[in-house]
Peer 1: 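Below: one structure in structure tokens.
Here is how names work: the chains are called A, B, and so on, in the same order as the sequence lines, proteins then strands, and each is numbered from 1. The figures that follow rest on heavy atoms only: side chains count, while hydrogens, waters and symmetry mates do not.
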Amino acid sequence: MDYFFTEEQQMIRDTAREIAEKKIVPVRAELDEKGEFPTEIMKTCAESDLFGLYIPEEYGGFGGGIYENVIAIEELSRACIGVSVSFAGSGLGAYPILLCGSEEQKKKYLPQIASGEKLAAFGLTEANAGSDAGGVQTTARLDGNEYVLNGTKQWITNGGEAGIYTVIAITDKNKGARGASCFIVEKCTQGFSFGKKENKMGIRASATRELVFEDCRIPKENIIGKEGIGFIVAMKTLDNSRPGIAAQGVGLAAGALDAAIDYARGRIQFGKPIISIQAVQHMLANMAVQTEAARALTYAASKYIDSGAKSISKESAFCKLFATDIAMQVTTDAVQVFGGYGYMKEYPVEKMMRDAKILQIYEGTNQIQRNVIGQALIKESAKKRR
Amino acid sequence: MRLIVCIKQVPATTKVKINPETNTLIREGVESIINPFDTYALEEGVRIKERMGDGVVTVLSMGPPQVESALKESVSLGADEGILLSDRAFAGADTLATSYALSMAVKKIGDFGLIICGKQAVDGDTAQVAPELSERLDIPFVAYVRKIVEITNEKAVVERMTDHGYDVIELPLPAVITVVKDINEPRIASLKGKMRARKAAITVWTAKDVQADEELIGLSGSPTKVIKIFAPKSRGKGVSITGEPPEIVDTLYGHLKDGHII
């Protein structure tokens, strides 16, 4: 379907698609098998100016919004979401600075992220703080002109690969959710190290590691905003980054659909290509309409957020929830269209189905997305009643 | 140093049809691209500029007005400017007339250090224009360069690919070289490059602008006459012989004998 892209948006799509086809598709199976980080591809994305799409021009970016970033993420995801999450993860790490950082912080860090010179990463999750973000145990204590961080973050995308980390830590244990704050920590800071690299089911090209803080001292001015607003920063960040996860779902589903159609045209059973069998056609038709609906919702939510709308949690959750459930469904069906071949690593859909699962889990499980939507519905209804 | 990269716009497909009456390629409806070998020439030009820290990459082409898109694409890939030789008088040129027209354009451009071309165009496959251009300009020429080992304003040391390895050649500049695809991996155009290309103005020169002798350009300057163009006859399916080596030899011997080849 034609979404009437501007000339710039068309350029972004063409550039990301060229990278996907030329640089990602040829190596994705190997990166997956070896669990190898796509350093070269990240370099190509940087040289192609993709890392700064959503960052204002004054900080070295392209000056677009979430929509522009979503277009790029979708195209990269058609080829491999293990690669695209490494790309999108940098945006996730940058949003706290972009949305809530001081002018000095923006000037210092955003140009490095926009140019792709450094990747960013966001550290919220811990062993005992997943869906319940309130369970964060990492602490930050003010000592003179420095904050001292202690604790361990878990499953951090781009861990070890990123140069700039935005991290949530508790500054006041007695204040509950209002006792959390967000900090910028640079790689190579003393007391900051990385734990084991996780051995994952899917998105195996991406780096997922622990961030370990042991009396890690950072300058006082590295706090984002002020003490106590850490969870507000985190929620704002996730509201802005979730369309990117939706875009991963859309791209992944589109890639799986393309692969399934190509295979069904070439696979001969009962003396004819299986695409001529109505049962197969109906599966492909469902996959196509679901993918397109997910795309339309993701684009609409992105444009809505870019419009400057104040309340965006529901719309952001809408597209994340829908597009990632669709990605799981479509990749599963793609394996079914391939039959036994789909289960083999020689064909790409096996990896796509393994990769899809994480989309329903990270950046808020899809159950949490339903909570977010449910709470928004209650809020809206209560407002009307008043 | 100014680096001049010569490019040609060619049909994107290898399945080009031929008009049987005029013996020319049917270009309608076929997407045009930069000759793939020329993309390596352009990339090398841009890399030399980056390596030397300064310089200008000028892309030069001859063809109809639509070649402007190929020159704009070159700008998106790192070229500083594009010059198009476009004039009805240039039409129908063979390699001799083309190299003459290009040499006149190079003279108009003036000072330059190196001219880089792809080893050949995928449509004509002649590989003649670059060496002819060096003759016209009376400067050194090296074909099939796979690596530029060293380059200064005065000289270049290059590796020339051969059937059995490579030669290392030092040549004074200015000079003309053609490059093979082993030399580099062309970059993907950046967004900033594409934005720059969109705004880039391509200079168009006519035969008069480059003071070309009308007798030496276009059809009148082209001694090559195409008498007939035809697709080679299909050879039909080959025969595959399988089995143990002694069996294979026997079967092959039988085939050769039956065919009165031996």
Peer 1: Give a yes or no on whether B/K147 atom NZ has more than 12 heavy-atom contacts from other residues, nucleotides or ligands under 6.0 Å away.
Peer 2: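 Result for NZ/B/K147: open.
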Peer 1: Step through the shown structure and confirm whether more than 12 heavy atoms of other residues, nucleotides or ligands are within 6.0 Å of CG on B/D125.
Peer 2: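 Yes, because the 6.0 Å sphere around CG of B/D125 holds more than 12 heavy atoms from other groups.
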Peer 1: More than 12 heavy atoms of other residues, nucleotides or ligands under 6.0 Å from CZ of B/F112: yes or no?
Peer 2: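 It does: B/F112 CZ has more than 12 such atoms within range.
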Peer 1: For A/T15 and B/A189, work out which heavy atoms get closest and say how close.
Peer 2: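 Looking at all heavy atoms of both residues, the shortest contact is CG2-O, 3.8 Å.
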Peer 1: Got a second to check how far B/M195's CE is from A/M11's CE, nearest 0.5 Å?
Peer 2: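 The distance works out to 5.5 Å.
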Peer 1: Can you find a pair of side-chain heavy atoms, one from A/E47 and one from B/R187, that are under 4.5 Å apart?
Peer 2: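 Result no, sub-4.5 Å side-chain heavy-atom pair not found.
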Peer 1: If you count the non-hydrogen atoms of other residues, nucleotides and ligands that lie under 6.0 Å from OH in A/Y341, is the total more than 12?
Peer 2: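 For A/Y341, atom OH is not crowded (no more than 12 foreign heavy atoms under 6.0 Å).
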Peer 1: Tabulate, in ascending numerical order, the residues of residues 20-39 of chain A having at least one heavy atom closer than 4.5 Å to a heavy atom of chain B, or enter 'none'.
Peer 2: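 Residues A/K23 are the ones that qualify, each having a heavy atom under 4.5 Å from chain B.
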Peer 1: Apply ring pair (Phe, Tyr, Trp, His ring centres under 6.0 Å) to A/Y109 and list each qualifying residue two or more places apart in sequence or on a separate chain.
Peer 2: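 In terms of ring pair (Phe, Tyr, Trp, His ring centres under 6.0 Å), with neighbours along the sequence ignored, A/Y109 is linked to no residue.
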Peer 1: For the CD1 atom of B/I188 and the CG atom of A/L50, what is their distance to the nearest 0.5 Å?
Peer 2: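 Going from the CD1 atom of B/I188 to the CG atom of A/L50 covers 9.0 Å.
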Peer 1: Side chain of A/D49, backbone of B/S190: donor and acceptor closer than 3.5 Å?
Peer 2: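 No; zero donor-acceptor contacts below 3.5 Å.
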Peer 1: What's the separation between atom CD1 in A/I12 and atom NZ in B/K194, rounded to the nearest 0.5 Å?
Peer 2: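 Rounded to the nearest 0.5 Å, the CD1-NZ separation comes out at 9.5 Å.
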Peer 1: For B/Y144, does the OH atom sit with more than 12 other heavy atoms under 6.0 Å from it, leaving out its own atoms?
Peer 2: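 No - once you tally the heavy atoms of other residues, nucleotides and ligands closer than 6.0 Å, there are 12 at most.
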Peer 1: Above 12 or not: heavy atoms from other molecules or residues under 6.0 Å from CD of B/Q66?
Peer 2: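 Counting other residues, nucleotides and ligands, CD of B/Q66 exceeds 12 neighbours.
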Peer 1: Check this for me: A/R265, atom CZ, are more than 12 non-hydrogen atoms of other residues, nucleotides or ligands nearer than 6.0 Å?
Peer 2: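 Check fails, neighbour count at 12 or below.
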Peer 1: Mark yes when over 12 heavy atoms from residues, nucleotides or ligands other than B/E244 sit less than 6.0 Å from its CD; otherwise mark no.
Peer 2: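 Counting other residues, nucleotides and ligands, CD of B/E244 stays at 12 neighbours or fewer.
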